[in-house]
Amino acid sequence: RLTWQILVLLAGVGSIHGKVIVFSPPALVSQFEKQTGSSSLHSSFANFGIIPYGTQMVGLLHFDGDNPDGCGEYKQINWGDDEKPEEIGANFERGPIFIVYRGKCSFVQKVRNVQKAGGILAVIVDNKPIENPERIIMMDDGTGGNLHIPSILIGKDDGERIINFMTDEANQEVGHMVSIVVEFNMYHPDDRVEYEIWTNSANIQGLKFLSQFHIWNKRLGKNAFFSPHYVIWTCPGCRGDASHPDCLNNGKYCAPPLMTRHIRGQDVLREDMRQICIYQKYIKNKKDYGETWWKYIDKVYNDCPLAITKKCSEKAMKAFDIPVKEIEKCIANADDGHDNNALLQHEMDLWINERGNFFPSVVINNSTYRGKLDPTAVFHSICSGFKDTPEVCTLAYDKSGEVVSDGINKKHLAYAVGGL
């Protein structure tokens, strides 16, 4: 029996981290500089909410001693003029920022309570002193789809130093004046963004995202280079088992079965390879630039609701004149007839050695995207990865990706630029 265990680790590929800086008051800034040499804190974004890449936020910290972990709803708070949320520039936002302890409830519940209270950002203090927050992913518990504010994790020592300063009676005059600046950085080395989407052919969330993102990829055109990748597992206990239903090549390459749909892992792997071969064929075509791959994904997502079987796949290929025999030959040529398959090995090596975080996921300029897997949010994050923002990133769009204005939309531009 094949037992699956998915671990969330940060290794290999970089993750897009926020830069958190303690801004005021001077007494607290001085504490950090004396203790750590800097008022900049180690941190990482959550994998839910909308993260405004390419922007900055500044705000006063709010800590509720009666609700220290943020698991309860906050009482009505009357914000002062300096704390009211407002945009103060194309790439700068100001408002109340809540700081809470980790534990007792999910990350999502904490952030939802902060959002309801009018906060623009939730800062969560880790509860394990030896952890590096940059290696921790705050994951969605399955209910975070309606969250639109970002959240960030900081280390236990840093967080306690801030909260202790805020609650110390000796600091009554300045304890309520603690403010931080958060930069949502996106690496942008040149004028072309390279991005990847990691999933597998059986992952409904990944297929849905790809289907919805098709139009956004068309908008980006040759400003960006896209490549799909597929998560392949190895099963040490299955090696040498040529008949294992969830593995190929004597148990070397495996995929979890779809038990509710009676689909074996072998079938998932074969569809992964079909998609890889289709992509490889059409990305080389300068006129097509992978567009046929996107159409194929749309087709199988909409026409194969239970599972992408070989029959359903071939029907989709024929709809776009994809040569079925050529794709089958591509798959056959990848297999050496023994333990190795070039297509699957490449994906598995890349996943284990360089990516290996979570899926479905997006990697932009070699950094793992954090936040809600929303097409519009991912588009703006890609736009933040350009050294010089292309015109396509300055137009206003509706949620389906259709242009609603040919003028520059400042709200969208705030995501696309930042001069970071």
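All residue numbers in this chain count up from 1 along the given sequence. Note that the coordinates shown come from a computational prediction; the quantities given were computed from them, not determined experimentally.
Look at Asp298 and Lys295 and you find no salt bridge, because none of the NZ, NE, NH1 or NH2 atoms lies under 4.0 Å from a carboxylate O. Of the charged side-chain nitrogens involved, none lies within less than 4.0 Å of a carboxylate oxygen, so that Glu73 and Arg112 do not count as a salt-bridged pair.
Listed for the Asn333 side chain is no donor-acceptor partner under 3.5 Å among the backbone atoms of Cys330. Side-chain N or O atoms of Asn67 include one that pairs as donor or acceptor with a backbone N or O of Gly72 at under 3.5 Å. Although no hydrogens or angles enter the test, the distance criterion places a donor-acceptor pair under 3.5 Å between the side chain of Gln109 and the main chain of Cys71. Put simply, the side chain of Lys252 never gets that close to the backbone of Gln345: no donor and acceptor are under 3.5 Å apart. Of the possible donor and acceptor atoms, one in the side chain of Lys110 sits under 3.5 Å from a partner among the backbone N and O of Tyr101. Proximity of a side-chain donor or acceptor of Ser44 to a complementary backbone N or O of Pro133 within less than 3.5 Å is detected. Using modelled atom types, no side-chain atom of Ser39 and backbone atom of Ile21 make a donor-acceptor pair closer than 3.5 Å. Remark: side-chain polar atoms of Gln266 are not paired, donor with acceptor, to backbone N or O of Asp246 under 3.5 angstrom. For Asn249 (side chain) and Tyr253 (main-chain N/O), no donor-acceptor pair under 3.5 Å exists by modelled atom type. Of the possible polar contacts, none joining the Asp141 side chain to the Ser106 backbone as a donor-acceptor pair under 3.5 Å is found.
Here the side chains of Phe45 and Ile152 are in contact, with some heavy-atom distance below 4.5 Å. Counting only heavy atoms from C-beta outward, the side chains of Pro68 and Phe63 approach each other to under 4.5 Å. Contact of the Asp267 side chain with the Lys310 side chain is not registered, since no non-hydrogen atoms from C-beta on lie closer than 4.5 Å. By the 4.5 Å heavy-atom criterion applied to side chains, Tyr230 and Leu344 are not counted as neighbours. At least one side-chain heavy atom of Leu41 sits less than 4.5 Å from a side-chain heavy atom of Ile162. Two residues are said to be in side-chain contact when any heavy atoms from C-beta on lie closer than 4.5 Å; Met317 and Glu314 meet this criterion. Arg161 has its side chain within reach of Thr36: a pair of non-hydrogen atoms, C-beta onward, lies under 4.5 Å apart. The closest side-chain heavy-atom distance from Val111 to Met138 is not below 4.5 Å.
Closest approach of Pro150 to Pro52, counting heavy atoms only: CG-CD, 4.0 Å. In this structure, Ile331 and Leu343 approach most closely via the heavy-atom pair CA-CD1, 4.4 Å. Heavy atoms only, all atoms of each residue included: Asn341 and Asp335 are closest at ND2-OD2, 3.8 Å. Heavy atoms only, all atoms of each residue included: Arg219 and Val392 are closest at O-CG2, 3.1 Å. When all heavy atoms are compared, the tightest approach of Leu350 to Trp198 is CD2-CZ2, 3.5 Å.
Aromatic rings from Tyr282 and Tyr296 are positioned such that their centres are separated by 6.0 Å or more. Side-chain rings of Trp233 and Phe359 approach one another, their centers coming within less than 6.0 Å. Proximity of the aromatic rings of Tyr397 and Phe379 is defined here by a centroid distance below 6.0 angstrom, and this criterion is met.
The distance from the CG atom of Leu373 to the OG atom of Ser361 is 8.5 Å, given to the nearest 0.5 Å. Once rounded to the nearest 0.5 Å, the distance linking OG of Ser43 with CD1 of Ile124 reads 12.5 Å.
The residue from Val362, Asp374, Thr199, Asn203 that alone fulfils the side chain to side chain contact (heavy atoms under 4.5 Å, CB included) condition with Phe209 is Val362. Considering Gln275, Arg270, Lys299, Arg274 in turn, Arg274 is the only one that fulfils the side-chain hydrogen bond (donor to acceptor under 3.5 Å, both in side chains) rule with Ser313.
Counting non-hydrogen atoms of neighbouring residues, nucleotides and ligands closer than 6.0 angstrom, the NZ atom of Lys156 exceeds 12 such neighbours. When the shell of 6.0 Å around CZ of Phe320 is examined, it contains more than 12 heavy atoms from other residues, nucleotides or ligands.
The aromatic rings of Tyr195 and Phe213 lie perpendicular to each other, with more than 60° between the two planes, well past the 30° mark. Note on ring orientation: taking the six-membered ring where Trp is involved, the planes of Phe226 and Trp293 are tilted (angle from 30° to 60°).
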Please determine whether side-chain contact (heavy atoms from CB on, under 4.5 Å) holds for the pair Ser211 and Asn302, giving the CA-CA distance in whole Å, both sets of side-chain angles, and the decisive distance to 0.1 Å. CA-CA 9 Å; Ser211 181; Asn302 289 293; 4.1 Å; yes
Could you go through Asp272 and Asn200, starting from their C-alpha distance and side-chain angles, then the distance that decides it, and tell me whether this counts as side-chain hydrogen bond (donor to acceptor under 3.5 Å, both in side chains)? CA-CA 6 Å; Asp272 289 346; Asn200 70 25; 5.3 Å; no
